[in-house]
Amino acid sequence: MAASRTLVIDPVTRIEGHLRIQANTTANADGTYTISRASSSSTMVRGIELIMKGRDPREAWAFAQRICGVCTVVHGVTSARAVENALGITVPSNAEMIRNLMIASQYMHDHVMHFYLLHMLDWVDVTSAIKADPAKAATLQASMSTYANNTASYFTGVKSKLTTFINSGQLGIFAKGYWGHSAYKLSPEQNLVLMAHYLECLSWSRSIVKLHTIFGGKDPHPSVVVGGMPCAISSSGGGTGKISTGTAVNSASLKMVSDLITTMRNFVDQVYLPDAIMMCKAYTDAAKSGGTDWSTIGESVGNYLCYGEFPSTNINDPASFLIPRGVIIGRDLSKIYPIDVTNTSEFQEFVAHSWYDYKTASKNAGLHPWSGETTFNYTGPAPGYTTLPDNAESYSWIKSPRWRGRAMEVGPLAHVLMMYAKGNTTAKTLVQQCFGKIGWTVDANLTRFHSTLGRTLARAIETKLIGDGMVGWYNKLMSNINGGDVSVFNNAKWAPTTWPASAKGFGFTEAPRGALGHWVVIDNQKISNYQCVVASQWNAGPRDAAGVAGPYEAGLQGHPIANFDQPIEVLRTIHSFDPCIGCAVHLTDPDGQASVTVDFNDFA
Amino acid sequence: MNGLTIINKPLLCEWIFDIAFLAKLTTPLLKGLPVQPKSHMPSSISTVILGIGNPLLSDEGVGVHAIRWLDSNVDANQKRLLNLDFVDGGTIGFALSGLIGDADQIIIIDAAELHSEPGAIQVFTGEGMDHFLGQRQSLAVHEVSLLDVLSVVLLEDRLPSKRAIIGIQPASLEWGEAPTEQVAKSIPEACNAALALAKEWLQ
């Protein structure tokens, strides 16, 4: 009988926030292991609603944007939309387009940074890159795209820089890598090309953040407002050539927005998407030389949920969304199920395996967010434990959201599948082109997509689709302005005297990590309940009352572990979801000891 | 190349500044007092004072509360002449790397475990700062940490040679939009230390 061992990764590195993965494994005859059951838990508590109660709903967005350090824009907009939904406020077309551009800009930044900084080192061996032949790397680059940095001298420079950095002994951010692991399959030249772009994405990302400053007044933490956007638009000239915060958006700053969109798209088209395709092909073809085909493992639950995002008209018109609204069940792309977020039996949060109780219902019940509760009940072991219980008991601070009782994967793969299923011809063509380049069969269910690599490819594909979408939203904004419409704010219901005594609202975005919802209840002009169900909750949540695993847990099922002490396989699949477990608590401790016993936090 | 991340060496106390001494230096910087620079031209050297943390979690957000103090207590003209920028960095991780790399001088204010009384302040400069952050390497892997952010800035050869972190010992990390009383009392002192350092570096 095979021996079993329990694998614990705590914390999972290169993510935002604190995530712990515990997995039961069985030993194989060749010394490798296979995951038989995985559990995902976070030791961070959520409880933003505790700070929202009793507040003026018009200021909720400013607090909501601090829920997650990374997703400030999406939480701010989602909160404003929840209050607008509750009070029946529609925002002007210009504000819709500006919100689209700001959220899209967040996608460009987050997805590129995730691919290169947080995910790529699972696939790229830094120490192999410095053995590359720069001339061959240049030839490889030229075969991938028309990107200008494709000369031998350019790659000689990158190689030299990396060599100096590694030989200085100051590995810094590279210090914790599993370099030399047998699961690394790229050639030295492939590694060098990808590392060159790792370095380039840093200066690229610095150049694009200005869009938030132009529309949101400042960055970090740009402003929004209930009823629209706070940036006045001046249709008459300006022309100083400077971004001026605190004054109107003018023709000079709008020209800059256009240039920024071009900068974003060029990098995505010429660098990010070709790199993702090259990497996916290499780790598919790895099977031919005895490795793992990463397009055949890592599928999570086969169900996908989107609230939808990027209206071409307004947020109350889902038919106009670039990312459609709906649910896909069991990989079946022939049908998109409609959703109703107000239906209390459709959307529910479960705490059966979470460290909470429900006062108004049993621990195995599901509650709709409008009647949601945050009642802490920690039943886990005292700090210092090595393993957590994962069967009958609670093991996470994350609640488990379910749609009609089903676990759902959210995020880029859900977005691209929904566009494809809906019949978006641009999306279908791009998906088919990418599959063709990698060598994946395009079948009815897009089988290869439901995998670790599929998730990583879908993220790159949607970055291109959304980048292209920005051109349309920008043009609509300019067309409105040129037609004399400079309205960005609807003040009709700004005064609390215009509000009903009681109101309920739902605000949503498709954040870069997936479906994000805020549910607000307003009584007597104040917030009486506020619940966020965030993307990483859908993906990282523990088992529900029926024992059904969440997407992270399901995705790890059956994973091979070549080297028990270096479980890079787990990191590949978990990172493919782009975990963001909030980074609110980051207390600095010179002794390297975790100095906080409970990290109050939320997720996005 | 600048040094970063000297891991597992003991903390060297010569990098810890005397706060009382620094506070004395800052006096001329405060509102209404004479401006020190001889010229009326702004300094060509930019200094960013960056507060980080989550302002919803009481003392965890002390860096952000410090930025709010600076915004309302430092004279605009002095801020201009010293080419200062006060930035509320929140907890946005890698997105801060551009801002840090663009600065000529960077001073970060953050909650820190100093094993001291709540409100205690320590200043770590240059390699002392790198070292201080490197000490928490084992904790840093929990998340995209300040050390990770500085590492990528170093990789780009953009790490400011004049750099410091001012750590403030928190009392509470519970939900709350204001710092605790003990920590709130230390905010002016921490801010004055930052201003003094910025000015000292310009001389």
Side-chain angles (χ1 to χ4, degrees), chain A residues 11-18 47-48 50-51 63 65-70 72 109-110 113 117-118 161-162 164-165 168 170-176 198-199 202-203 205-207 209 218-221 581-596 598-602, chain B residues 1 3-7 11 52-57 60-61 64 87-99 101-102 110-115 132-133 135-148 150-158 165 167 170 173-177:
Chain A
V12 175
T13 56
R14 290 202 301 279
I15 67 166
E16 303 288 351
H18 189 160
I48 183 69
L50 304 176
I51 214 163
F63 293 89
Q65 77 168 189
R66 301 286 181 159
I67 292 172
C68 167
V70 181
T72 60
H109 179 275
D110 283 15
M113 297 297 262
L117 265 61
L118 301 177
K161 181 169 189 168
L162 281 173
T164 306
F165 195 79
S168 71
Q170 297 168 351
L171 275 174
I173 199 158
F174 304 139
K176 296 279 178 176
Y198 178 109
L199 298 176
L202 298 170
S203 59
S205 75
R206 191 166 52 242
S207 71
V209 295
K218 67 189 182 85
D219 192 76
H221 311 110
I581 317 295
C583 48
V585 169
H586 62 130
L587 187 74
T588 297
D589 178 352
D591 294 338
Q593 301 296 314
S595 56
V596 280
V598 177
D599 296 345
F600 279 77
N601 212 326
D602 208 314
Chain B
M1 185 177 290
L4 182 75
T5 316
I6 310 158
I7 304 166
L11 199 64
I52 58 178
N54 188 328
L56 299 184
L57 301 173
E60 211 277 335
V64 175
V87 180
D88 161 8
T91 56
I92 66 169
F94 280 125
L96 290 172
S97 62
L99 187 138
D102 284 345
D110 191 13
E113 178 53 76
L114 304 170
H115 303 291
F132 172 68
L133 294 169
Q135 294 259 323
R136 67 184 286 262
Q137 182 78 350
S138 63
L139 188 65
V141 299
H142 282 215
E143 63 203 45
V144 176
S145 71
L146 193 51
L147 182 66
D148 294 330
L150 292 176
S151 294
V152 300
V153 181
L154 174 66
L155 197 56
E156 282 193 287
D157 284 333
R158 295 171 56 88
I165 184 166
L173 305 175
E174 302 288 319
W175 285 99
E177 358 155 4

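Chain letters run A, B, ... following the sequence lines, proteins first and then strands; every chain starts at 1.
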Undergrad: What are the two closest heavy atoms between B:Gly98 and A:Arg206, and how far apart are they?
TA: CA-CD, 3.2 Å
Undergrad: Between B:Val152 and A:Leu202, which heavy-atom pair has the shortest distance, and what is it?
TA: O-CD1, 3.9 Å
Undergrad: Just verifying a value: how many Å separate A:Phe63 CZ and B:Leu56 CG, rounded to the nearest 0.5 Å?
TA: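 Interatomic distance, A:Phe63 CZ to B:Leu56 CG, rounded to 0.5 Å: 7.0 Å.
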Undergrad: List in chain and number order the residues that pass salt bridge (charged side-chain N to carboxylate O under 4.0 Å, His left out) with A:Asp219, two or more places apart in sequence or in another chain; answer none if no residue qualifies.
TA: none
Undergrad: Which distance, rounded to the nearest 0.5 Å, do you find between the CG of B:Leu57 and the CD1 of A:Ile51?
TA: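 It comes to 7.5 Å.
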Undergrad: Is it the side chain or the backbone of B:Val87 that comes within 4.5 Å of chain A heavy atoms, both, or neither?
TA: side chain
Undergrad: Donor-acceptor pair, A:Lys161 side chain versus B:Leu155 backbone, under 3.5 Å?
TA: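 Judged by distance alone, yes, a pair lies under 3.5 Å.
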